Amino acid sequence: MEKITFNKGEDFQSVVLLPQKEILSFNEAVNYLDVSKSFLYKLTSSNKISFSKPNNKLIYFQRIDLDNWMLQNRNESIGVLQENLNNYLKSK
């Protein structure tokens, strides 16, 4: 069995429990996205990222919403673009 070791600043929650959670707190989302707190506040205040605020207090995020935000504005590789073009031309 592989022994889990923690780097400086890491704890059990961030290494083991965080990857299993579907709902993340604000601070967990900051760590998950690797952004600053102020940047995440700007995203929420401008409604550029989905979040929940039960009882108008703490902010929570669904992991899938964070993943979707991170994967927006995707840039395809040249190979993928060429393959898509070839498939398009074959279908015509």
Side-chain angles (χ1 to χ4, degrees):
M1 177 177 245
E2 184 179 333
K3 182 179 177 183
I4 297 176
T5 57
F6 301 107
N7 295 328
K8 185 178 180 181
E10 291 180 325
D11 60 7
F12 178 80
Q13 181 178 346
S14 65
V15 173
V16 178
L17 298 180
L18 187 60
Q20 299 174 6
K21 292 180 74 175
E22 293 299 320
I23 306 295
L24 303 178
S25 69
F26 183 84
N27 287 331
E28 290 169 336
V30 166
N31 291 330
Y32 183 70
L33 295 174
D34 194 23
V35 297
S36 68
K37 288 182 178 185
S38 63
F39 182 72
L40 189 53
Y41 276 123
K42 287 178 187 176
L43 291 176
T44 58
S45 67
S46 61
N47 290 321
K48 292 185 178 178
I49 194 166
S50 299
F51 65 95
S52 297
K53 198 171 181 184
N55 297 324
N56 289 323
K57 292 194 176 197
L58 301 176
I59 298 173
Y60 294 95
F61 301 88
Q62 287 185 320
R63 179 185 298 278
I64 189 73
D65 292 334
L66 299 176
D67 291 342
N68 289 336
W69 178 81
M70 285 190 289
L71 295 174
Q72 68 185 357
N73 298 327
R74 181 180 166 102
N75 292 304
E76 300 287 353
S77 69
I78 292 173
V80 171
L81 293 173
Q82 287 174 337
E83 183 178 333
N84 290 343
L85 178 60
N86 289 337
N87 291 337
Y88 175 77
L89 293 174
K90 286 179 186 176
S91 68
K92 294 293 175 180

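Just so it is clear, the model here is predicted, and its values are computed rather than measured.
- Listed for the Gln82 side chain is no donor-acceptor partner under 3.5 Å among the backbone atoms of Gly79.
- Here the closest non-hydrogen pair linking Ile23 and Lys21 is O-CE, 3.4 Å.
- Of the inter-residue distances, the one linking Asp65 atom CG with Met70 atom CE reads 11.0 Å to the nearest 0.5 angstrom.
- Of the N and O atoms on the side chains of Tyr32 and Asp67, at least one donor lies less than 3.5 Å from an acceptor on the other residue.
- For Asn86, the CG atom counts as densely surrounded, since its 6.0 Å shell holds more than 12 non-hydrogen atoms of other residues, nucleotides or ligands.
- Between the NZ atom in Lys42 and the NZ atom in Lys37 there is a gap of 15.5 Å [rounded to 0.5 Å].
- Within 6.0 Å of atom CG in Leu85, more than 12 heavy atoms from other residues, nucleotides or ligands are found, so the atom counts as buried in its surroundings.
- Judged as a ring-ring contact (aromatic ring centres under 6.0 Å, His included), not a single pair has a partner in residues 47-92 (not counting sequence neighbours).
- To the nearest 0.5 Å, the span separating CG on Asn47 from OG1 on Thr44 amounts to 8.0 Å.
- If you take CD1 on Ile64 and CD on Glu22, they are separated by 8.0 Å, rounding to the nearest 0.5 Å.
- Val35 is connected to Leu66 through a chain of hydrophobic side-chain contacts under 4.5 Å among Ile, Leu, Val, Met, Phe, Trp and Tyr, so both are in one cluster.
- Taken together through direct or relayed side-chain contacts under 4.5 Å among Ile, Leu, Val, Met, Phe, Trp and Tyr, Phe39 and Leu24 form part of one hydrophobic cluster.
- Tyr41 meets the ring pair (Phe, Tyr, Trp, His ring centres under 6.0 Å) test with Phe26; sequence neighbours excluded.
- When every heavy atom of Glu76 is checked against every heavy atom of Arg74, the shortest pair comes out as OE2-NE, 3.3 Å.
- Leu40 and Ala29 get closest at one heavy-atom pair: CD2-CB, 3.8 Å.
- We find the CZ-CD distance between Arg63 and Glu28 to be 9.0 Å, quoted to the nearest 0.5 Å.
- Atom CD1 in Ile59 sits 9.0 Å away from atom OG in Ser45 (nearest 0.5 Å).
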